[in-house]
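To start, the structure itself, in structure tokens.
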Amino acid sequence: MHPSDYFNDFYEAVLSGNTHNAQTIINSLLEQGDTMDAYRLVSQAMYEVGKLWQANNLSVAQEHLATAVSQFVITQLTIQAIEADQEYNQSVALFSVETNQHNLGIQIILNMFLEHGFLTYYYGADIPNHHIISSLIEHQPDYICYSMTLPNHITKAKELGEMIRNEKRLAHTKILIGGYALLQYPELYNQLEHDYNFESIDELHQWLIRKGD
């Protein structure tokens, strides 16, 4: 089967909240594909879930259920992505920007960085800007990666970008941004401080491959 052939079954599994079926589908996919195929499948399914929610064709409870199933699947892949004897050459801090309570997308990005040998500092969702700045100064990551899911997350993302740029102790750090809000409104990129932006996980994947060359 081609990876795309798994979509309908996986989409049905997350919409119905069937964690067992969702994990079984991912396991079958991984037998003939790789983790990027799994990330694409989950991303596509949740993109469709998001559209249903925005059109008021899905309740908040149903959206949370679908997200929880997808989160479970991605967490299993996170465990696989961590290698105990990994030697790290670069580091990255990852989180969903303040006011953004969605963290499924950034967890997929976390997995990708792990698989490419990065030391990761993963903060999850909706972390206040003044708190994240203090921790970034402490850990001194090479890259800072954060996401925005809805347009109203842009205000805090803009504020954070300016805080990072104005902090001399983070002068060496590069900013990576992405998220559903920027896919919907690409003109928002112009309002945000950043060194790299990615419109898809495949773009990020290719960048990570080049970083490893």
Side-chain angles (χ1 to χ4, degrees), residues 2-4 26 29-30 32-47 70 73-97 100 102-124 132 135-136 139-149 153-154 157-158 160-161 164-165 167 169-213:
H2 188 273
S4 61
I26 292 295
L29 172 60
L30 291 175
Q32 53 185 307
D34 58 23
T35 53
M36 278 303 299
D37 291 324
Y39 299 148
R40 293 185 191 101
L41 181 62
V42 175
S43 297
Q44 183 183 1
M46 290 310 298
Y47 178 78
S70 298
V73 168
I74 294 301
T75 299
Q76 306 315 302
L77 294 174
T78 304
I79 295 169
Q80 296 176 30
I82 298 174
E83 298 182 21
D85 58 349
Q86 178 72 57
E87 293 184 8
Y88 302 108
N89 296 317
Q90 298 181 86
S91 60
V92 58
L94 307 101
F95 51 92
S96 296
V97 76
N100 184 7
H102 300 80
N103 65 342
L104 178 61
I106 202 69
Q107 189 174 352
I108 292 175
I109 304 306
L110 163 70
N111 286 14
M112 293 171 65
F113 274 100
L114 284 169
E115 290 170 355
H116 284 270
F118 279 72
L119 174 63
T120 60
Y121 302 102
Y122 178 54
Y123 295 91
I132 193 67
S135 188
L136 293 172
H139 291 294
Q140 291 288 301
D142 298 302
Y143 298 94
I144 300 170
C145 179
Y146 48 92
S147 68
M148 296 130 273
T149 303
H153 301 152
I154 299 299
K158 182 178 180 181
L160 178 61
I164 293 170
R165 292 298 197 217
E167 176 51 64
R169 288 167 290 183
L170 295 174
H172 70 287
T173 305
K174 303 298 183 184
I175 301 174
L176 292 71
I177 60 172
Y180 185 64
L182 297 174
L183 284 178
Q184 288 186 302
Y185 306 99
E187 66 274 12
L188 295 175
Y189 280 115
N190 297 327
Q191 300 181 29
L192 301 170
E193 295 282 352
H194 64 283
D195 298 288
Y196 304 97
N197 64 271
F198 303 100
E199 296 184 1
S200 69
I201 58 173
D202 285 292
E203 282 189 12
L204 174 60
H205 182 55
Q206 292 302 314
W207 182 81
L208 286 168
I209 290 173
R210 291 194 298 271
K211 293 294 292 181
D213 292 340

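FYI, the numbering just counts along the sequence from 1. Quantities reported herein were computed from a predicted structural model and do not represent experimental measurements.
- For the residue pair I201 and R40, the shortest heavy atom distance occurs at CD1-N, 3.7 Å.
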**Request:** Decide side chain to side chain contact (heavy atoms under 4.5 Å, CB included) for L160 and V97; before the verdict, give the C-alpha distance in whole Å, the side-chain angles of both, and the deciding distance to 0.1 Å.
**Result:** CA-CA 8 Å; L160 178 61; V97 76; 4.2 Å; yes
**Prompt:** Passes side chain to side chain contact (heavy atoms under 4.5 Å, CB included), L204 versus Y39? Steps please.
**Reply:** CA-CA 12 Å; L204 174 60; Y39 299 148; over 6 Å; no
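- A heavy-atom distance below 4.5 Å is found between the side chains of Q140 and L170.
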**Item:** CA sep, side-chain torsions, deciding dist, call: S96, N103, side chain to side chain donor-acceptor pair (under 3.5 Å)
**Value:** CA-CA 6 Å; S96 296; N103 65 342; over 6 Å; no
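- L110 contributes atom CG, which lies 9.5 Å from atom CD of E115 (distance to the nearest 0.5 angstrom).
- Listed here is the closest heavy atom pair of A181 and L188: O-CD1, 4.2 Å.
- Between L192 and K158, the shortest heavy-atom distance links the atoms CD2-N, 3.5 Å.
- A pairwise comparison of heavy atoms in L136 and A93 identifies CD2-CB, 3.5 Å as the closest pair.
- Remark: I108 CD1 to T78 OG1 distance equals 9.0 Å, nearest 0.5 Å.
- Counting all heavy atoms, side chain and backbone alike, P141 lies closest to H172 at O-NE2, 3.3 Å.
- Looking only at distances, a side-chain donor or acceptor of D34 sits under 3.5 Å from a matching main-chain atom of D37.
- Residues satisfying the salt bridge (Lys or Arg N to Asp or Glu O under 4.0 Å) criterion with E167, sequence neighbours excluded, are R169.
- For the pair M36 and D202, the minimum side-chain heavy-atom distance is below 4.5 Å.
- Contact check for N100 versus F95: no side-chain heavy atoms found under the 4.5 Å cut-off.
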**Asked** Given the rule in the side chain to side chain donor-acceptor pair (under 3.5 Å) test, do Y121 and S135 qualify, once you have shown the distances and angles that lead to the verdict?
**Response** CA-CA 10 Å; Y121 302 102; S135 188; over 6 Å; no
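- E193 is not listed as a side-chain neighbour of I164, based on a closest heavy-atom distance of 4.5 Å or more.
- Minimum interatomic distance between T173 and D195 (heavy atoms only, all atoms of both residues): O-OD2, 4.1 Å.
- For the atom pair NE2 (H194) and CG (L176), the distance works out to 9.5 Å, reported to the nearest 0.5 Å.
- Within the 4.5 Å cutoff, no side-chain heavy atoms of L182 are placed close to those of E199.
- Expressed to the nearest 0.5 Å, how far CG of L94 lies from OH of Y123 amounts to 9.5 Å.
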**Request:** Report the C-alpha distance between Y47 and Y180 in whole Å, list the side-chain angles of each, state the deciding distance to 0.1 Å, and finish with yes or no for ring-ring contact (aromatic ring centres under 6.0 Å, His included).
**Result:** CA-CA 8 Å; Y47 178 78; Y180 185 64; 5.5 Å; yes
**Request:** May I have the step-by-step check of side chain to side chain contact (heavy atoms under 4.5 Å, CB included) for I109 and C145, ending in yes or no?
**Result:** CA-CA 9 Å; I109 304 306; C145 179; 4.0 Å; yes
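- Once rounded to the nearest 0.5 Å, the distance linking OG1 of T120 with CE of M112 reads 13.5 Å.
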**Asked** Run the side chain to side chain contact (heavy atoms under 4.5 Å, CB included) check on H116 and Q90 step by step: do they pass?
**Response** CA-CA 10 Å; H116 284 270; Q90 298 181 86; over 6 Å; no
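- Of the possible polar contacts, none joining the N197 side chain to the I177 backbone as a donor-acceptor pair under 3.5 Å is found.
- Paired with F198 under the rule ring pair (Phe, Tyr, Trp, His ring centres under 6.0 Å), one option of W207, Y143, Y189 passes, and it is W207.
- S147 places no side-chain N or O within donor-acceptor distance of the main-chain N or O of G178, the cut-off being under 3.5 Å.
- Rounded to the nearest 0.5 angstrom, I106 CD1 and T149 OG1 are separated by 9.0 Å.
- The shortest distance between side-chain heavy atoms of L208 and F113 falls below 4.5 Å.
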